[in-house]
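Numbers for residues simply follow the sequence, beginning at 1.
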Amino acid sequence: MYKNFTAIFIVLLLVIQSFVSINQASAAEGLSINATVGGQQLLEIENGHSVTSNVIFDLLPRGTASLNERNSMDVVIVFDKSGSMADPVSRNNTKLSLAQDAVEEGVEIFFDSKKDFDDRYGIVAFDTYVNNVSTINGLHSNPNIVANKARQTSAEGGTNYTDALKAAKDMLIHAKDNGKYSGQRDQYIIFMTDGKPTNSSKYGNVHGYYHQLIQHNDYERIYGYSKYKDKMLDGKFVFYNDDWYVISDNRNFLSGNYNLLYDSNSNINSIVIDSQYGPYLYSHNNPSVPDKIKEHGREQARILADNEITMLSIGFGDQNQLDMSYLSELSAMSNGKAVRASSNDIIEIFKDISASISAEYPSLSNGFIRFNLPEGVTVQENDSVSVTDNEVIMSLRDILYNPNPPSEGDSSLHYELPLTFRSAGIYNFSFDVLYNSGKVAKTGIPYQVEVRIPLRSIEFSPKEKTIYIGERFKVEDYLRFNPSDATNKEIKEVISSDTISTTLQILKKSDGWYVTGKSAGYTDITATSSENSNIKDSMTVIVKKNSNSGEEDQDPSDRGDSQDPDGSDNIDSFGKW
């Protein structure tokens, strides 16, 4: 499954080269992106069901890439060396060894593209903590140093996104502020991981009495095996500083700002106070720990964005191991993109490599569509689509210029995204299309979808109504709509079978149709829906004179339906005449 990881890594390196190249070319040649959004905008839904429809995006790149210039760049590889990286994935290969090969081969790309640019490189290796042995202190112009450090790593420990991103960010900011190179520099993090974040740290205020943590061997030696066993059976232990510690009964008072270590491995969900007096337990079996760890990662991604550092991510675990949606979220927060290493990508990856190696001109890369989901709408997440807090990120393919982009209508510029609507309503969307860390973008593309519950039929109830001369009733009050929650219950017209309208007066008002008795007699009225002219029904209206009226009632013998089907007189159905 992971044989193509090397190829994916190389592709991302090439992507960096291509999309940093666009910056000056964009300004000089006017490269831009536009898009049209279409699809079925009027949908029908059945009560209690949902309806799915594709939103169609056709990208419209513009401009000519006649320049192949870029700023000098700083690149830090953030390298996951957690214990799961030791998992075998092919004969004689582990995920770690393939990742090391990828970095080594990627360095060759750096050498080829470096030329006259003052590019600098760094690496941060991490597991439960940042691994100082395999992390370079600062940036270097020789990318071989990065490859050599990656080759020296071994797989162990947990997965700490937060501290790794913080170390890489600090390295890049320091290099920008204190480096010997002047002028504009573009800065990037290539984040490589095979798992969900399980550890993080953050400073916070503590105030109270906390249980002391004692290294498990020391605890057994001090308190004896029996008490040690009881603690283990009760789950009174946490993992700290690459070792197991027992939660002792000793409590001490701590107050101040301390580094808090979060650990969700094995669902222990603990928070440890890392104090100058040794470790203390802040919280144990705390279900909020995994969410806190993820939020710490988001905080670092926001800082990256604030400092114009772009994060490109490679995830090479399966869905059980890796939260690709979260990885995409972190990347998008800094206008970057995440890619999953998959065996299904091998052909396309090599095609992309060939195109990137041979490309003479820069490209629009690192692209995605971003928008917020209205309430009542869902989208299926996959390796290309992620959702966080109702914000959707959909990854886009690179657009190569040579020196012109693909023509309008090219299949590579076409995307379809299925959206599922759970209820009737009018839904408004605003789509952003972003490339090259957001430097080339089209924002605020509007789109509206109306979801309706169609009207199937209408029916008068009762089918016969008696009124007096001068009496009025509202037609809609005697109509049953099927379904009852149909979107459109408007009646287009109400007509009488009495063409000369001597019996009834029919009027349309703002709130509906009204019928008023004019003279004694009877007639049929027919109501027709504005939804569909074939949806209609009729009612017989009988008008009787008031006791004070001088008008005569019509002779019921003039009615064509004066008898029941059994032949008996039906005069009484209209009252006494």
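- Around atom NZ of K489, more than 12 heavy atoms belonging to other residues, nucleotides or ligands sit under 6.0 Å away.
- Geometrically, K465 engages F473 in a cation-pi contact defined by less than 6.0 Å to the ring centre and at most 45° from the axis.
- Across every non-hydrogen atom of T526 and S538, the tightest pair is OG1-OG, 2.7 Å.
- Of the possible polar contacts, one joining the K474 side chain to the D511 backbone as a donor-acceptor pair under 3.5 Å is found.
- Here the side chains of I45 and I453 are in contact, with some heavy-atom distance below 4.5 Å.
- Remark: E375 CD is loosely packed, at most 12 non-hydrogen atoms of other residues, nucleotides or ligands lying under 6.0 Å away.
- No donor-acceptor pair under 3.5 Å is formed between the side chain of N436 and the backbone N or O of K439.
- Side-chain contact between I399 and I33 is present, with heavy atoms from C-beta onward closer than 4.5 Å.
- Both tests pass for K509 against the ring of Y514: distance under 6.0 Å to the centre and angle within 45° of the axis.
- Residues F421 and V449 form a side-chain contact, since some pair of their non-hydrogen atoms from C-beta on lies under 4.5 Å apart.
- Surrounding OH of Y427 are more than 12 heavy atoms belonging to other residues, nucleotides or ligands, all under 6.0 Å away.
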Stepwise side chain to side chain contact (heavy atoms under 4.5 Å, CB included) check, I369 with F57: CA-CA 9 Å; I369 292 172; F57 302 91; 3.7 Å; yes
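- Taking a 6.0 Å sphere around CD of E493, one finds it holds more than 12 heavy atoms contributed by other residues, nucleotides or ligands.
- Contact annotation: the side chain of H296 never approaches that of K294 to less than 4.5 Å [non-hydrogen atoms, C-beta and beyond].
- Contact annotation: the side chain of V451 never approaches that of S423 to less than 4.5 Å [non-hydrogen atoms, C-beta and beyond].
- We find that D537 and K463 are joined by a salt bridge, their nearest charged nitrogen and carboxylate oxygen being less than 4.0 Å apart.
- Using a cut-off of 4.0 Å between Lys/Arg side-chain N and Asp/Glu carboxylate O, E531 and R452 are scored as salt-bridged.
- In terms of modelled atom types and a separation under 3.5 Å, the side chain of N199 and the main chain of D263 share no donor-acceptor contact.
- The aromatic ring centres of Y435 and F368 sit 6.0 Å or more apart.
- Side-chain N or O atoms of E476 include one that pairs as donor or acceptor with a backbone N or O of W513 at under 3.5 Å.
- Under a 4.0 Å N-O distance rule, the pair K196/D323 does not qualify as a salt bridge.
- Remark: D306 CG is packed, more than 12 non-hydrogen atoms of other residues, nucleotides or ligands lying under 6.0 Å away.
- Side chain of N307 to main chain of I309: no donor-acceptor pair is present (N/O by atom type, distance under 3.5 Å, no hydrogens or angles).
- Atoms CD and OG, on E329 and S334 in that order, are 11.0 Å from each other to the nearest 0.5 Å.
- A side chain to side chain contact (heavy atoms under 4.5 Å, CB included) with V379 is found for exactly one of T420, V55, T52, V387, namely V387.
- Y401 places a side-chain N or O within donor-acceptor distance of the main-chain N or O of R62, the cut-off being under 3.5 Å.
- Side-chain contact between I271 and N286 is present, with heavy atoms from C-beta onward closer than 4.5 Å.
- Summarising the geometry, atom CG belonging to N390 is positioned 10.5 Å from atom CZ belonging to F371; distances are rounded to the nearest 0.5 Å.
- A donor and an acceptor atom, one from each side chain of T310 and S437, are located under 3.5 Å apart.
- To the nearest 0.5 angstrom, N34 atom CG is 11.5 Å from D58 atom CG.
- N428 places no side-chain N or O within donor-acceptor distance of the main-chain N or O of Q448, the cut-off being under 3.5 Å.
- Atom OG of residue S496 and atom CD of residue Q505 lie 12.0 Å apart, to the nearest 0.5 angstrom.
- Between D524 atom CG and E464 atom CD the span is 9.5 Å, to the nearest 0.5 Å.
- For the pair R456 and F481, the NZ or CZ position fails the cation-pi test of under 6.0 Å to the six-membered ring centre and within 45 degrees of the ring normal.
- Between E299 and R302 there is no salt bridge, since no side-chain nitrogen of the basic residue lies less than 4.0 Å from a carboxylate oxygen of the acidic one.
- Between V541 and L504 there is a side-chain heavy-atom pair separated by less than 4.5 Å.
- Counting heavy atoms from C-beta outward, L434 and N335 have side chains that approach closer than 4.5 Å.
- Between N160 and T198, the side chains place no donor N or O within less than 3.5 Å of an acceptor N or O (distance only, hydrogens not considered).
- The CD atom of Q300 sits 11.0 Å away from atom CD of E295, with the distance rounded to the nearest 0.5 Å.
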